[in-house]
Amino acid sequence: MSASLSQDVLLVVYSYHHGNTAKIARAMAEVLGAAVAEPSEVTPDDVQKARLIGLGSGIYSATHHESIHRLAAELHPASGRDAFIFSTFGAPGIAASPAFVLNNHSKLREILQSKGYRIVGEFGCAGFNTNSFLHWFGGLNKGRPNDDDLERAREFARTLKQKLHDG
Ligand SMILES: Cc1cc2nc3c(=O)[nH]c(=O)nc-3n(C[C@H](O)[C@H](O)[C@H](O)COP(=O)(O)O)c2cc1C
C-alpha cells in the first residue's frame, strides 16, 4: 500500500453500545491503511484532506448516531469526492435484508450527497444488541460481529481500495 493512500483514507466511527461498529471500522482500516477517529476528534478541515472517507456507527432508532449526522452536516462541499457508509444493527439477521441496511443509512446518505459526496459503497452487519428489555433475555446477535462479519468487512474494504487505485 502506498504511503499516500494510507494518509488519504479516514474512517469516522461512533460506537458506544458494545464497540461493535468500532470492530468493523478497525477491520476495514487495516485493509485501507486508514486512520480511525471518533466524530469529536475530527474537524471538517481534517475530513476535507482525505481522498476517501467512511462514516459509521451503530444503528439507533433506525438511523446513525446524531454525532455522525452532525459531523456530516458540517462538512465542506465535496464536489464529487468519495465516501462510504457503514453500520452495525441489532435486529435479528433474518430481518436484515440489504434494503434494511440501506434504509437505516438513508439520512446519512442524504446529508453526504447534499454536500456533494459520491457514495461508493455501503456496508452493514449484525451487532450484539442488549438495548432495553433485550438485556433480560441475553441480547440478540450474541458474538456479532463474528469472524465472518470481519472478513466481509475486509472484503468490502478491498473492493474500495481497488476502486481507489483504479480511480
Ligand atoms: C438506544 C439504542 C437503540 C437501538 N435501535 C436500533 C434500531 O432501531 N434498529 C436496530 O436494528 N438496532 C438498534 N439497536 C441495536 C444496535 O444498532 C446494535 O447493537 C449495534 O451493533 C450497536 O453498535 P455499537 O456497539 O457500535 O454502538 C439499538 C441500540 C441502542 C443502544
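Since the model is a prediction, treat every value here as computed from it, not as a measurement.
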- If you count the non-hydrogen atoms of other residues, nucleotides and ligands that lie under 6.0 Å from CZ in R158, is the total more than 12? yes

Approximate separation, where rounding is to 0.5 Å, of [X] [atom1] and [Y] [atom2]:
| X | Y | atom1 | atom2 | result |
| --- | --- | --- | --- | --- |
| H18 | N131 | NE2 | CG | 9.0 Å |
| D8 | I53 | CG | CD1 | 12.5 Å |
| R118 | D82 | CZ | CG | 4.0 Å |
| L32 | L52 | CG | CG | 6.5 Å |
| L75 | R81 | CG | CZ | 9.0 Å |
| E30 | L150 | CD | CG | 8.5 Å |

Under 3.5 Å side-chain donor-acceptor pair for [X] and [Y]:
| X | Y | value |
| --- | --- | --- |
| T21 | S57 | no |
| S87 | H64 | no |
| D45 | H76 | yes |

- Message: If you apply the rule side-chain contact (heavy atoms from CB on, under 4.5 Å), what do you find for E38 with V12, and how did you get there?
- Response: CA-CA 5 Å; E38 293 194 4; V12 186; 5.8 Å; no

Donor-acceptor pair, side chain of [X] and main chain of [Y], under 3.5 angstrom:
| X | Y | value |
| --- | --- | --- |
| K115 | A73 | yes |
| N104 | V101 | no |
| Y60 | G58 | yes |
| R109 | L102 | yes |
| N20 | F128 | yes |

- Note on the structure: Between F123 and the options F89, F86, F156, the ring pair (Phe, Tyr, Trp, His ring centres under 6.0 Å) test singles out F156

How far apart are the closest heavy atoms of [X] and [Y], and which atoms are they?
| X | Y | answer |
| --- | --- | --- |
| L112 | A83 | CD1-CB, 4.3 Å |
| G56 | I68 | O-CD1, 3.4 Å |
| A37 | V42 | CB-CG1, 3.6 Å |
| I24 | P145 | CD1-CB, 3.9 Å |
| A22 | S15 | N-OG, 3.1 Å |
| G90 | L140 | O-CD1, 3.6 Å |

- Message: Go through it in stages, so that I can follow the logic: the residues are L55 and L11, the test is side-chain contact (heavy atoms from CB on, under 4.5 Å), and I'd like the CA-CA distance, side-chain angles, deciding distance and then a yes or no.
- Response: CA-CA 6 Å; L55 299 189; L11 270 61; over 6 Å; no

In terms of hydrophobic clusters joined by side-chain contacts under 4.5 Å, are [X] and [Y] together?
| X | Y | value |
| --- | --- | --- |
| V120 | M28 | yes |
| V47 | Y14 | yes |
| I59 | V13 | no |
| L10 | I119 | yes |

- Query: Would you say V31 and L160 make side-chain contact, with heavy atoms under 4.5 Å?
  - Reply: no

- Query: Can you list the steps and then say if T130 with H17 is a side-chain contact (heavy atoms from CB on, under 4.5 Å)?
  - Reply: CA-CA 8 Å; T130 55; H17 188 37; 3.4 Å; yes

- Message: If the threshold is 4.0 Å, N to carboxylate O, is there a salt bridge linking R152 and E155?
- Response: no

- Query: Is the closest basic N to carboxylate O distance between R144 and D149 below 4.0 Å?
  - Reply: yes

- In chain order, what residues pass the salt bridge (charged side-chain N to carboxylate O under 4.0 Å, His left out) check against E110, with sequence neighbours excluded? none

- Working for side-chain contact (heavy atoms from CB on, under 4.5 Å), residues S106 and T63: CA-CA 8 Å; S106 301; T63 192; over 6 Å; no

